[in-house]
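Accompanying notes for the structure given below.
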Amino acid sequence: MRALLLTIALGLYAMSYGQQNEKISTIDFVQILNNNKEEAIYYYQNNWKVLREMALEKEYIHSYEVLEPQMSEEAPFELMLITTYLGKDQYDSRETHFEELIKAKGPLSLMNEKKPNQFRKTLFNKEIVRHWK
């Protein structure tokens, strides 16, 4: 009986784990400050997106996406920045890879004299977000 229960438990665990694939994402939840949407969009298009395009070319990431959810009192963010990695190896190498890409890209590209902390704030981020099959 004990062996049967152990077999069932292991089977259920395998089935639940089997619902995930190897991809891992990170998600940043960004609030735009002081009605500086143009500055924020410019910043993300000319820095964040450029780095993700470079990372795709070098196969450092699987994909990226920018989502613009409707802001609410319960969810006061206006952008969700998602970077997806094929698996743990790509994810674990992300810091080294992005340091390399940042050096290659050069200085930040800003729309005007406003610095990033004046027009955007990352409220929180989620690391190691697993994907289901």
Side-chain angles (χ1 to χ4, degrees):
M1 181 66 165
R2 187 174 173 177
L4 177 61
L5 289 175
L6 181 59
T7 302
I8 291 170
L10 288 173
L12 289 173
Y13 173 77
M15 283 175 27
S16 68
Y17 185 73
Q19 295 302 309
Q20 295 179 344
N21 65 31
E22 298 298 315
K23 288 186 228 167
I24 298 171
S25 289
T26 60
I27 308 172
D28 291 333
F29 298 81
V30 178
Q31 183 179 62
I32 296 172
L33 303 175
N34 307 315
N35 295 316
N36 287 301
K37 188 171 184 173
E38 285 183 44
E39 285 84 355
I41 289 171
Y42 183 92
Y43 172 81
Y44 287 112
Q45 286 180 338
N46 293 282
N47 297 284
W48 190 89
K49 184 180 176 189
V50 169
L51 291 171
R52 283 358 178 237
E53 289 291 331
M54 293 168 70
L56 274 174
E57 266 184 46
K58 291 189 169 263
E59 298 182 355
Y60 290 165
I61 65 172
H62 172 67
S63 63
Y64 70 91
E65 195 168 8
V66 178
L67 303 177
E68 191 172 347
Q70 186 172 0
M71 191 174 76
S72 68
E73 203 171 296
E74 299 81 34
F77 50 87
E78 295 154 277
L79 297 173
M80 294 169 59
L81 310 172
I82 304 169
T83 305
T84 301
Y85 305 89
L86 280 176
K88 188 166 174 13
D89 290 340
Q90 268 190 355
Y91 176 81
D92 287 345
S93 301
R94 72 194 184 288
E95 296 295 330
T96 303
H97 288 156
F98 277 106
E99 284 176 20
E100 169 196 322
L101 298 173
I102 289 167
K103 284 180 187 174
K105 180 193 165 296
L108 282 180
S109 180
L110 300 172
M111 184 175 159
N112 50 39
E113 70 284 344
K114 292 180 185 175
K115 303 293 181 211
N117 65 353
Q118 294 176 294
F119 56 78
R120 60 102 171 122
K121 177 181 178 182
T122 301
L123 296 179
F124 58 96
N125 80 337
K126 296 299 287 182
E127 295 286 327
I128 310 178
V129 177
R130 302 267 182 201
H131 291 243
W132 285 20
K133 288 184 182 179

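With salt bridges taken as basic N to acidic carboxylate O contacts below 4.0 Å, none links K121 and E78.
Open room surrounds CD on E57; 12 or fewer heavy atoms of other groups in view lie less than 6.0 Å from it. Counting non-hydrogen atoms of neighbouring residues, nucleotides and ligands closer than 6.0 angstrom, the NZ atom of K37 reaches no more than 12 such neighbours. Dense packing is recorded around CD of E53, with more than 12 heavy atoms of other residues, nucleotides or ligands lying under 6.0 Å away. The number of heavy-atom neighbours closer than 6.0 Å to CG of N117, taken from other residues, nucleotides and ligands shown, is above 12.
With a 4.5 Å cut-off on side-chain heavy atoms, E127 and I27 do not count as touching. Taking the side chain as every heavy atom from C-beta outward, T26 and K126 never approach each other to under 4.5 Å. At least one side-chain heavy atom of W48 sits under 4.5 Å from a side-chain heavy atom of V66.
In terms of heavy-atom proximity, T83 sits nearest to I61 at CG2-CG2, 3.7 Å. For the residue pair Y42 and S109, the shortest heavy atom distance occurs at OH-OG, 3.3 Å. Residues E73 and P76 share a closest heavy-atom pair of O-CD, 3.9 Å. T84 and S25 make their closest contact through OG1-OG, 2.5 Å (heavy atoms, listed as atom of the first residue, atom of the second, distance).
Figure legend: cation-pi geometry between R94 and F98 absent, as NZ or CZ is not positioned both under 6.0 Å from the six-membered ring centre and within 45° of its axis.
Checking side-chain atoms of D28 against main-chain N and O of V30 turns up no donor-acceptor pair under 3.5 Å.
Residues Y64 and I41 do not share a hydrophobic cluster, defined by chaining ILVMFWY side chains whose heavy atoms lie under 4.5 Å apart. Grouping the Ile, Leu, Val, Met, Phe, Trp and Tyr side chains by contacts below 4.5 angstrom, directly or via other members, places Y85 with L56.
The aromatic rings of F29 and F77 lie perpendicular to each other, with more than 60° between the two planes, well past the 30° mark.
Side-chain contact check for N34 and Q118: no donor-acceptor pair (N or O, by modelled atom type) lies under 3.5 Å. Counted by atom type alone, Q90 and D92 present zero donor-acceptor pairs between their side chains at under 3.5 Å.
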